[in-house]
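Okay, so here's the structure we're looking at.
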Amino acid sequence: MWSLVRQALVGSLAIWTVAAELTFVAEAEIERDGTVVDITSQLDFVPQPPRQRWQHRSPRRPNAPPGRGNSKRDTVSYSGNWCGASQHSTTSDQIVSSFSYFTAPNLRLRPRIPQTQYAAAWVGIDGASCTQALLQAGVTTVVNANGGQSAWAWWQWFPEASYQIKGIPVKPGDWMSVNVTATTVTQGKIVITNVQQGYAITLNINNGPRLCRVDTEWIVEDFYENDAEGGKQVPFAAFDDLWFVDAASKTVKGKNIGIDGAAMVQLQNENGTLSCKSEKWDNANFVAISG
Ligand SMILES: *[C@@H]1O[C@H](CO)[C@@H](O)[C@H](O)[C@H]1NC(C)=O
Ligand SMILES: *[C@@H]1O[C@H](CO)[C@@H](O)[C@H](O)[C@H]1NC(C)=O
């Protein structure tokens, strides 16, 4: 399907290139319902501060029990910024792709914390045990003091900046899919699809920061406002149950990795409150629940 679309566009401006941070190059094409849209006017990348890799947090006494759906062999971990499932492979059989459907965060204001609150949901490779790089893409939603929301898709090759993608409309609650592929440790491909609105963007990225390709994860994040390690996190909104569906990774040797055996990561804020719990449903599906 994609190659047919591309052939139809030979000679037209179907590829838009951005030199990001001068270190790597991303090319992108957007299609809508199988047809490439006028990307020269609709596609834009807006640089954003980078998100952070996993801030490991040693468990404190949780205020709520970990998810009942988690089975005994799934490790429960705690993080100050991540909530979701984190899987590990080995350097002898590296991760090649990470995929999931998920819903764009649909937010509600939390009382007693500053208004204008956020949550991000994304799929990525590395950033957990491999802290030098993280290739990721997803959706961030913001809710303002009136309860009004807006959402946008983005991609990032940490530690480089993250880029907001204009040209892919996203509404809170829309079903999205993200497929992040690391063809090599410095070459990536990202496909972000708004399944509900029929848009897809394909990005090919070269010369990215060197990945380890040993972690794969599906995450809801209370991200950092700026680049400073240990800097300020955005106020984290409450959200509707956020399902990751058909979550799966592939390795170089063709092994499929799902949720079984993953670290189910719980987001514990600075006061010890679990502001997001992740509960496994089965090997392909889990839910992040606002705490
Ligand atoms: C994700 O992309 C990779 C590489 O293009 C592909 O092999 C894999 O099948 C894709 N996964 C899904 C679920 O589409
Ligand atoms: C943690 O508690 C302090 C003191 O009560 C409060 O100011 C702060 O907003 C709380 N943090 C969160 C994330 O709720």
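Positions are given from 1 along the sequence. For ligands, and for the atoms within them, numbers begin at 1 and follow the listed sequence.
Numbered from 1 in the order shown, with element, the atoms of ligand 1 that lie under 4.0 Å from a heavy atom of N179 read 1 (C), 2 (O), 3 (C), 8 (C), 10 (C), 11 (N), 12 (C), 14 (O). Which parts of ligand 1 touch K189 is read off a 4.0 Å heavy-atom cut-off, strictly below it: atoms 5 (O).
With hydrogens left out, the protein atom closest to atom 7 (O) of ligand 1 is K250 NZ, 4.0 Å, a heavy atom. Of all protein heavy atoms, the one closest to atom 4 (C) of ligand 1 is T181 OG1, 3.4 Å.
The ring of W218 has its center no closer than 6.0 angstrom to the ring center of W243.
Both V287 and W175 are part of a single hydrophobic cluster, where members link through side-chain heavy atoms under 4.5 Å apart.
Neither side chain, D215 nor Q87, offers a donor N or O lying under 3.5 Å from an acceptor on the other. With no hydrogens or angles considered, a side-chain donor-acceptor pair links Q149 and N106 at under 3.5 Å.
For S97, no nitrogen or oxygen atom sits less than 3.5 Å from a nitrogen or oxygen atom of ligand 1, counting backbone and side chain alike.
The closest donor-acceptor contact from the side chain of N194 to the backbone of P169 lies under 3.5 Å.
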